[in-house]
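The basis for the numbers below is simple: all heavy atoms, side chains too, and nothing from hydrogens, waters or symmetry mates. Chain letters run A, B, ... following the sequence lines, proteins first and then strands; every chain starts at 1. All values derive from a computational prediction rather than experimental measurement.
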Protein chains: 2
Amino acid sequence: MRSRYDIQLRVPEVCRPSAMREGQINETIQEYIEGIYRLQQEVGRVATNEVAQYMGVSPASASIMLKRLAEMNLVEHTPYRGILLTDEGTQLAHQLLRIHRLTERLLTDIIGLPWNDVHDFACKLEHYIAPEIADKIAEALGFPATCPHGNPIDPTFDDGSWRLSDAVAGTDLLVIKITDERREFLEYIESLGLVPGAQVEVVSRTPFDGLIQINVDGKQHTIGPEVARYVWVKEPS
Amino acid sequence: MRSRYDIQLRVPEVCRPSAMREGQINETIQEYIEGIYRLQQEVGRVATNEVAQYMGVSPASASIMLKRLAEMNLVEHTPYRGILLTDEGTQLAHQLLRIHRLTERLLTDIIGLPWNDVHDFACKLEHYIAPEIADKIAEALGFPATCPHGNPIDPTFDDGSWRLSDAVAGTDLLVIKITDERREFLEYIESLGLVPGAQVEVVSRTPFDGLIQINVDGKQHTIGPEVARYVWVKEPS
DNA sequence: GAGCTTTTTTAACCTCATCTAAATTATACA
DNA sequence: TGTATAATTTAGATGAGGTTAAAAAAGCTC
Ligand SMILES: [Mn+2]
Ligand SMILES: [Mn+2]
Ligand SMILES: [Mn+2]
Ligand SMILES: [Mn+2]
């Protein structure tokens, strides 16, 4: 006898969540690789505890994950001497960073979201945008060079900028990029007018605490080194 | 003594995967709700086995999930009599369908992807596009009325169309929407020219097997009821 | 080199979402 | 009205990604 279960009920607009399959480069893995890449840019070789702290997990969890990443050939692990991304891992990080930044541009330039919102959204979306979509997005945007915060779409491109915290008094500089993309930080940066493309005059620097007196758009501000560290500048050409 | 772990390493461009938290409406839950909504549109009350078959999981898995959905107040479960979406579940399904269809429009109209690719991509992205982004997308697209396949952006809107499989011979009709959005199906539909907006003449119908002789753009085709079932038409006004 | 501190790993356990196999409940029909 | 069959649920397992607590390895300091 034919049961209801045997009848093929055809409702074809199917969507299934991609069950996390074994050994897949899923969202979690991607997030770790991106995090490790950023840490490595700052400090070189990365320690287990640094990954744990940055990813917001316990050192035990990070240890287990690093073991998995090493098995997947994405990081190279020398016990008690930290990790380094392999070529494959670096390539994956570059690919993700490109997609992330293109997505941010899409969200600001076409969808019309404010620049301080887009990082968090792009951070989720980046894992579900295939490289072929990213290529199409780049094309639709007219191949932009940077994300809305000034970071190069091509992560291997060296824009030659340096940190405003390293600038000396009496120079006129051009803001290139902001590398702290948290909503509140960008809000503060915007209130100072210190956005990519802006002109900054470094008026003076104080000794010991390294405060920087700047002049942007005719307005004077004093910022500390913890803010200036994430504002990258260059001599205007 | 200060250890390396105590030092706050500030690398602020943090991204973390949202660890699947208890009782959250995550991607999996959303996919089930969408699936149940589509099944309910076709057959009314939905049986556990139908959910299982549609979602591609075992009846045991579906049973467990339906229990959870009932606990979350998204479906109403009468034991051995199937389930029905609650108002809350229906509202969630509508919200997801709207975001899905807007995303498809974004992918075709702005990103430039072909109409037969966008369903699968939108199916992943829909879960990571906040309603506030969806509103912005709608605005950027000029508030489109339908997805690229003709389905209304507002899922509560009744476009008054019916299935081409129910059409009688000798009528001239307008294609409104296609409700099988699988890549290959849409490819076939396109090869027939049976896309939304096209004019179809129903030339004749055969008895018993219900084949339909149609005329689209001056070309004759014969299609079966399993294709015609997912092509929705209306009298041209 | 001994002994303490820091870092890393292992052990045991948790939730989510799946599975298979077995048990249970409802329905249909002789 | 029993009994076969179909539908559903429960039991017990798994892998991914997390937890805390404890063990082990490395690195300082004397
Ligand atoms: Mn991310
Ligand atoms: Mn950015
Ligand atoms: Mn989906
Ligand atoms: Mn569609």
Side-chain angles (χ1 to χ4, degrees), chain A residues 1-7 9 15-33 35-36 39 43 45-72 74-83 127, chain B residues 1-7 9 15-33 35-36 39 43 45-72 74-83 127:
Chain A
M1 172 167 292
R2 215 159 133 88
S3 83
R4 196 180 189 185
Y5 191 34
D6 296 326
I7 299 165
L9 188 66
C15 287
R16 283 193 199 95
S18 63
M20 281 197 248
R21 268 171 311 176
E22 212 173 328
Q24 284 289 117
I25 297 181
N26 58 21
E27 186 184 330
T28 308
I29 304 286
Q30 290 181 14
E31 219 60 85
Y32 270 93
I33 293 299
I36 291 164
L39 288 169
V43 298
R45 223 165 227 292
V46 187
T48 302
N49 274 341
E50 285 165 348
V51 174
Q53 191 190 25
Y54 185 74
M55 297 303 296
V57 298
S58 68
S61 300
S63 183
I64 294 164
M65 185 54 89
L66 292 183
K67 200 177 162 189
R68 271 180 67 201
L69 295 179
E71 273 161 18
M72 294 172 85
L74 294 170
V75 305
E76 189 223 284
H77 191 191
T78 315
Y80 293 93
R81 306 232 136 236
I83 53 158
H127 311 290
Chain B
M1 172 167 294
R2 214 159 133 91
S3 82
R4 195 180 187 188
Y5 191 35
D6 294 327
I7 299 166
L9 186 66
C15 287
R16 283 193 199 96
S18 61
M20 280 198 250
R21 269 171 311 177
E22 213 173 328
Q24 283 289 113
I25 297 182
N26 59 19
E27 187 186 328
T28 307
I29 303 286
Q30 290 180 14
E31 218 59 84
Y32 270 91
I33 292 298
I36 291 164
L39 288 169
V43 299
R45 221 164 230 291
V46 187
T48 303
N49 275 339
E50 285 165 349
V51 174
Q53 190 189 25
Y54 185 71
M55 296 304 294
V57 300
S58 69
S61 301
S63 183
I64 295 164
M65 185 53 89
L66 292 183
K67 199 176 163 187
R68 271 181 65 204
L69 294 179
E71 272 161 18
M72 294 172 87
L74 295 170
V75 304
E76 188 226 285
H77 191 189
T78 314
Y80 292 94
R81 307 231 136 236
I83 54 159
H127 312 289

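With C/dC16, D/dG18, C/dT8 as the candidates, the nucleotide lying closest to the side chain of A/P59 is C/dT8. For B/N26, the listed nucleotide lying nearest its side chain is C/dC16; candidates were D/dG18, D/dT10, C/dC16. When distances run from any side-chain atom of B/S61 to the nucleotides C/dC19, D/dT10, C/dT10, the shortest one goes to C/dC19. Of the candidates D/dT8, C/dT18, D/dG18, the closest approach to any side-chain atom of B/A47 belongs to D/dT8. When the nucleotides D/dT10, D/dA16, D/dG18 are ranked by their closest atom to the side chain of B/A60, D/dT10 comes out on top. The side chain of A/H77 approaches C/dT9 more closely than any other nucleotide in the set C/dC19, D/dT19, C/dT9.
When rounded to the nearest whole Å, the span between CD of A/Q53 and C1' of C/dT7 equals 14 Å. In this entry the distance linking CD of B/E50 with P of D/dA7 reads 10 Å, nearest Å. Rounded to a whole Å, the CD1 atom of A/I83 is 10 Å from the P atom of C/dT8. In this structure, the CG atom of B/L66 is 11 Å from the P atom of C/dT18, given to the nearest Å. Rounded to whole angstrom, the span from the CZ atom of A/R45 across to the P atom of C/dT8 amounts to 12 Å. Taking atom CG of A/N49 as the reference point, atom C1' of D/dG27 lies 14 Å away to the nearest angstrom. In this structure, the NZ atom of A/K67 is 9 Å from the P atom of C/dA11, given to the nearest Å.
Contact annotation: B/S58 side-chain N/O to C/dT20 OP1/OP2 distance is not under 4.0 Å. An OP1 or OP2 oxygen of C/dT8 is reached within less than 4.0 angstrom by no side-chain nitrogen or oxygen of A/S63. For B/T48, a side-chain nitrogen or oxygen approaches OP1 or OP2 of D/dT9 to under 4.0 Å. Considering only side-chain N and O atoms, A/Y32 lies nowhere under 4.0 angstrom from the phosphate OP1 or OP2 of D/dA16.
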- Message: Apply side-chain contact (heavy atoms from CB on, under 4.5 Å) to residues B/V51 and B/M65 and explain how you reach the verdict.
- Response: CA-CA 10 Å; B/V51 174; B/M65 185 53 89; over 6 Å; no

